[in-house]
Amino acid sequence: DRDLTFLHPLTIDSEFTRDIDDALSLERAGEDYQVGIHISDVATFLNGHEEIFQEAMSRATSIYLPDQRIPMIPPALSEGTCSLVAGEKRRAFSFLVRVNSEGKILEYEITPSIIQVERRLSYESVDQLLEEEDEELTRLHQIADKLFRRRAESGVFFIPRPERVVRVSRDREISIYKRDRESPSQKMVSEFMILANSLTALFLKKKGIPAIYRGQMEPREKIPPVEKFDPLQAYRMRRVMHRVEVSTRPSRHSGLGAEAYLTLTSPIRRFYDLLIEKQILGALGGNPVFNEAQLEEIISRVGPTISRVGQLEELTEKYWIFRFLEKRVNSTTRAVILDRFPNKYLVHLNEYLLEVDMPVNSGRDFVPGDEILVRVERANARAGVLKIAPA
């Protein structure tokens, strides 16, 4: 493995994150810059630990619930040996990407490496440091912005949506808040992760190596660029967008403006990403680990588990939001009408980023887009019931 400890990378995560799997570095390269995107090398650690690999496959992904976390791999690895902890030497896959002042990628290489993170930062602290014009972060942010603009030219579309965070403390106190996914720090990290994922897909595609690629067809209707989250617009966009499809063969991901795409940047938390690391190790060593038939078999096993986990996370968050609202019956909250059906409306509760039904009231009529105040009439978390009415 190449010694890249001299690069002094930094990590940017939520302050609550304990399993850190990506880091960034920056170096001047003449008139250009070399951006380092470093992903924890979990695959190498699991060589010779087939039972952990098989358990990771059966779990498919780490599960993050408001009141607990269920890691995909044991915490001793996910939060210890494999986590990119500041001040500790760690194995990684490093993407060394040379970009010019216009954000054009001139060349790149993928190499197994040893790195040592110098700074652990949170999204909030990075936003603050960007305001204070921290030199390294400002340059990384400028490069990320140019990378996004170049992607946008090839037809990117996405729905800006805040992240809903529901947390339950040990004494069962429930807190609900929204985190801006479009903050400068979040957008910067996201752009470099998209870059690493795209480069991995292109690397494996060029070598004709099967992988777990992700593709998305063009939307059924043209989608205008969206700057900020609008519940009605997001609802309508979802209805014209095609689902992301998983396949062993590469295809265009129109939502991201990528000719080929897969995910590799969360090998601690996602089995598919861990699997792609094994494919890269094999490709760099001249012997791919999994063939197409094996990968298709894995997708048929892992795919349904990922769907079930997504449903579990959504239902559990809903349960805790309903628990929160049980103590707030008769309180009011802002909402937007998304759709009207014969006997009900579909309503977006702004404060909770939650879509719920509201019966049609013969006395009042609304149309999609109307912003209204609604009252919580009844909430029962165990029964999965939330009744609201216009205030």
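Below, each value reflects all heavy atoms present in this structure, side chains not excepted, and no hydrogens, waters or symmetry copies.
- Put simply, CD on Glu79 and CD1 on Ile268 are 9.5 Å apart, with the number rounded to the nearest 0.5 Å.
- Both tests do not hold together for Arg364 against Phe366: distance to the six-membered ring centre under 6.0 Å, angle to the ring axis within 45°.
- Note: Phe53 and Phe290 have parallel aromatic rings, judged against thresholds of 30 and 60 degrees for the angle between ring planes.
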Take Asp230 and Tyr235, measure what side chain to side chain donor-acceptor pair (under 3.5 Å) needs, and give me the verdict at the end.
CA-CA 9 Å; Asp230 173 285; Tyr235 173 69; over 6 Å; no
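- With respect to the salt-bridge test (charged N to carboxylate O, under 4.0 angstrom), the residues Arg243 and Glu245 do not qualify.
- Thr61 contributes a side-chain N or O that, together with a main-chain N or O of Arg269, makes up a donor-acceptor pair within less than 3.5 Å.
- Not a single donor-acceptor pair under 3.5 Å links the side chain of Gln279 to the backbone N or O of Ala211.
- A distance-only check finds no donor-acceptor pair linking the side chain of Thr17 to the backbone of Ile20 [under 3.5 Å].
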Next on the checklist: Please evaluate residues Arg375 and Glu377 with respect to the criterion side-chain contact (heavy atoms from CB on, under 4.5 Å), reporting the C-alpha separation (whole Å), side-chain torsions for both, the decisive distance (0.1 Å), and the verdict.
Outcome noted: CA-CA 6 Å; Arg375 187 178 72 257; Glu377 289 197 321; 3.0 Å; yes
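- In this structure, Arg301 forms no cation-pi arrangement with Phe271, as its terminal cationic atom is not both closer than 6.0 Å to the ring centre and no more than 45° off the ring axis.
- Each of Thr81, Asp41, Asp1 was compared with Arg91 under the side chain to side chain donor-acceptor pair (under 3.5 Å) criterion, and only Asp1 meets it.
- Formation of a donor-acceptor pair under 3.5 Å by the Arg220 side chain with backbone atoms of Arg239 is found in this model.
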Practice prompt. Please report the C-alpha distance between Leu373 and Arg334 in whole Å, then the side-chain angles of each, then the deciding distance to 0.1 Å, and finally whether the side-chain contact (heavy atoms from CB on, under 4.5 Å) criterion is met.
Written response: CA-CA 5 Å; Leu373 198 62; Arg334 308 292 316 172; 3.5 Å; yes
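- Considering OG1 of Thr111 and CZ of Phe93, their distance stands at 9.0 Å, rounded to 0.5 Å.
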Q.
Assess the residue pair Gln311 and Arg308 against the criterion (side chain to side chain donor-acceptor pair (under 3.5 Å)); give the C-alpha distance rounded to whole Å, side-chain angles, the decisive distance to 0.1 Å, and a yes or no.
A. CA-CA 5 Å; Gln311 290 166 355; Arg308 286 195 298 272; over 6 Å; no
**Asked** Given the rule in the side chain to side chain donor-acceptor pair (under 3.5 Å) test, do Ser185 and Ser183 qualify, once you have shown the distances and angles that lead to the verdict?
**Response** CA-CA 6 Å; Ser185 58; Ser183 70; 3.3 Å; yes
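- Looking only at distances, a side-chain donor or acceptor of Arg28 sits under 3.5 Å from a matching main-chain atom of Gly30.
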_One pair to check against side-chain contact (heavy atoms from CB on, under 4.5 Å): Leu274 and Met57. What are the steps and the verdict?_
CA-CA 9 Å; Leu274 171 59; Met57 190 191 302; over 6 Å; no
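- Using a distance-only test at 3.5 Å, with no hydrogens or angles considered, a donor-acceptor pair links the side chain of Asp370 to the main chain of Val367.
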task: Give the intermediate values and the outcome of side-chain contact (heavy atoms from CB on, under 4.5 Å) for residues Asp357 and Leu346.
output: CA-CA 5 Å; Asp357 292 335; Leu346 181 63; 3.7 Å; yes
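- Side-chain N or O atoms of Ser198 include one that pairs as donor or acceptor with a backbone N or O of Ile194 at under 3.5 Å.
- The CZ atom of Arg378 lies 9.5 Å from the CD atom of Glu326; values are rounded to the nearest 0.5 Å.
- For the pair Glu102 and Arg150, the salt-bridge criterion is not met [side-chain N within less than 4.0 Å of a carboxylate O].
- To the nearest 0.5 angstrom, Ile372 atom CD1 is 10.5 Å from Thr333 atom OG1.
- In the hydrophobic clustering of ILVMFWY residues, with side-chain heavy atoms under 4.5 Å counting as a link, Val99 and Leu24 come out together.
- Of the possible polar contacts, one joining the Ser40 side chain to the Cys82 backbone as a donor-acceptor pair under 3.5 Å is found.
- When Val35, Leu195, Val97 are each tested for a side chain to side chain contact (heavy atoms under 4.5 Å, CB included) with Leu147, only one passes: Leu195.
- Judged by distance alone, the side chain of Lys318 and the main-chain N or O of Leu354 form no donor-acceptor pair under 3.5 Å.
- Using a 4.5 Å heavy-atom cutoff, the side chains of Ile39 and Phe95 are in contact.
- Residue Glu351 holds its CD atom at 10.0 Å from CD1 of Ile321, rounded to the nearest 0.5 Å.
- Of the possible polar contacts, none joining the Tyr272 side chain to the Ile212 backbone as a donor-acceptor pair under 3.5 Å is found.
- Rounded to the nearest 0.5 angstrom, Thr138 OG1 and Ile143 CD1 are separated by 11.0 Å.
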